**Student:** 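Once you've had a glance at the structure underneath, I'll fire off some questions.
Predicted model only: the values in this text are computed from it and were never measured.
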Amino acid sequence: MIKPETGAPEAAQRPMRADARRNYDRLLAAARDAFAAYGADASLDDIARDAGVGNATLYRHFPSREALLDAVFRDRVQALCAQAEELLGRESPDDALVTWLRALVAHVTTYRGLAAWLMSTATGQEQSPASCQELIRAAGKSLLIRAQQSGAVRPDVGTSQLLRLTHAIALATEHTPGEADQLLSLLMDGLRMQTAPPPGFSPAT
């Protein structure tokens, strides 16, 4: 089962004064507009200015670009996790996996540069259990392991490898999204296997 979200950015967890909440909401709104217009590497200084606050206020609420991106994308990532949970009940595990990967590509290509940013940060270092990247990883891992245990997907592929390949497809089709399905089909062709997993099977992670 996919682990439920265990937290949000610290600033969003603590009770806020009314003025702090207003600043937090303004920063999120400005960040959404900036990421939509300029991509995931939009200037944080410009975001603070557009929100009408100083840089210190931005960093007090969001100490890093990752923290800000996590807050902006949290609703979308929660929806991806909920979809993965639902797909775990689908009869065909490999179809469930590719359906979710399509949804992941659609999410990653929402903002220009997001796929490249995710690939540059997905280097295997520890992530906060509540971070969007870790939530996505947990959702993908559940679907991948189920597909491997059914014998539909080869057992020597790990979650990190699968997500890197999916992010690469998103990056390659950022300007030609119509090609993503074909590339995902090619990816699944490479992942599928015809024989059942051997006794004592332990999936890669």
**Student:** Could you check whether any side-chain N or O of R26 sits under 3.5 Å from a backbone N or O of D50, counting only pairs where one atom can act as donor and the other as acceptor?
**Tutor:** no
**Student:** Distance from L191 atom CG to Q161 atom CD, nearest 0.5 Å?
**Tutor:** 9.5 Å
**Student:** Could you tell me the separation between the OG1 atom of T166 and the CG atom of L184, rounded to the nearest 0.5 Å?
**Tutor:** 6.5 Å
**Student:** On a heavy-atom basis, which atom in A48 and which in L27 lie closest, and how many Å separate them?
**Tutor:** CA-CD2, 4.1 Å
**Student:** Working to the nearest 0.5 Å, report the span between CG of L69 and CD of Q133.
**Tutor:**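 If I round to the nearest 0.5 Å, the distance is 9.0 Å.
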**Student:** What is the minimum heavy-atom distance between A67 and F62, and which atoms define it?
**Tutor:** O-CD2, 3.9 Å
**Student:** Applying a strict under-4.5 Å side-chain criterion to I, L, V, M, F, W and Y, I'd like to know whether Y38 and L171 cluster together.
**Tutor:**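 Y38 and L171: separate clusters.
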**Student:** For T99, give me all partners under side-chain contact (heavy atoms from CB on, under 4.5 Å), at least two apart in sequence or on another chain.
**Tutor:**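 Residues passing side-chain contact (heavy atoms from CB on, under 4.5 Å) with T99: Q83, L87, R90, R102.
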**Student:** Has the side chain of S185 got a donor or acceptor atom that lies under 3.5 Å from a matching backbone atom of D181?
**Tutor:** yes
**Student:** Tell me, please, which residues at least two apart from R49 pass salt bridge (charged side-chain N to carboxylate O under 4.0 Å, His left out).
**Tutor:** D46
**Student:** I would like to know whether E174 and R112 meet side-chain contact (heavy atoms from CB on, under 4.5 Å); could you show each step before the answer?
**Tutor:** CA-CA 7 Å; E174 195 169 49; R112 186 176 69 252; 4.1 Å; yes
**Student:** Counting distance only, does the side-chain N/O of Q148 pair as donor-acceptor with the main-chain N or O of V153 below 3.5 Å?
**Tutor:**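 No.
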**Student:** Could you give the distance from CD (E85) to CG (L80), rounded to the nearest 0.5 Å?
**Tutor:** 13.0 Å
**Student:** List in chain and number order the residues that pass side-chain contact (heavy atoms from CB on, under 4.5 Å) with E179, two or more places apart in sequence or in another chain; answer none if no residue qualifies.
**Tutor:**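 Scan of E179 (side-chain contact (heavy atoms from CB on, under 4.5 Å), adjacent residues dropped) gives T173, T176.
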**Student:** Can you check whether L114 reaches T109 side chain to side chain, under 4.5 Å on heavy atoms?
**Tutor:** no
**Student:** How many angstroms lie between atom CZ of R65 and atom CG of L58, to the nearest 0.5 angstrom?
**Tutor:** 10.0 Å
**Student:** Under the criterion side-chain contact (heavy atoms from CB on, under 4.5 Å), I'd like the reasoning laid out for H61 against L28: C-alpha separation, chi angles, the key distance, then a yes or no.
**Tutor:** CA-CA 10 Å; H61 287 290; L28 274 185; over 6 Å; no
**Student:** Which value, rounded to the nearest 0.5 Å, describes the distance between L144 atom CG and W100 atom CH2?
**Tutor:** 10.0 Å
**Student:** Would S92 and D94 count as a side chain to side chain donor-acceptor pair (under 3.5 Å) if you check the C-alpha gap in whole Å, the side-chain angles of each, and the deciding distance to 0.1 Å?
**Tutor:** CA-CA 6 Å; S92 173; D94 54 332; 2.7 Å; yes
**Student:** Any idea which heavy atoms bring A84 and A139 closest together, and the distance?
**Tutor:**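 Looking at all heavy atoms of both residues, the closest pair is CB-CB, 3.7 Å.
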**Student:** State, to 0.1 Å, how close S142 and L88 come at their nearest heavy-atom pair, and which atoms those are.
**Tutor:** O-CD2, 3.8 Å
**Student:** Run L104 and L163 through side-chain contact (heavy atoms from CB on, under 4.5 Å) and show every step you take.
**Tutor:** CA-CA 9 Å; L104 177 59; L163 293 180; 3.7 Å; yes
**Student:** Backbone N or O of L135 within a donor-acceptor pair of the Q78 side chain at under 3.5 Å?
**Tutor:**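 Here the side-chain-to-backbone pair does not exist.
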**Student:** Classify the ring geometry of F73 against H107: parallel below 30°, tilted from 30° to 60°, perpendicular beyond 60°.
**Tutor:**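 Judged by the thresholds at 30° and 60°, the geometry between F73 and H107 is perpendicular.
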**Student:** Just by distance, do the side chain of D70 and the backbone of C132 share a donor-acceptor pair under 3.5 Å?
**Tutor:**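 Yes.
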**Student:** Please assess L97 against R146 for the test side-chain contact (heavy atoms from CB on, under 4.5 Å), listing each intermediate value before the final yes or no.
**Tutor:** CA-CA 9 Å; L97 179 60; R146 180 171 178 260; over 6 Å; no
**Student:** Is the shortest heavy-atom distance from the side chain of T110 to the side chain of F35 under 4.5 Å?
**Tutor:**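 T110 vs F35: side chains apart.
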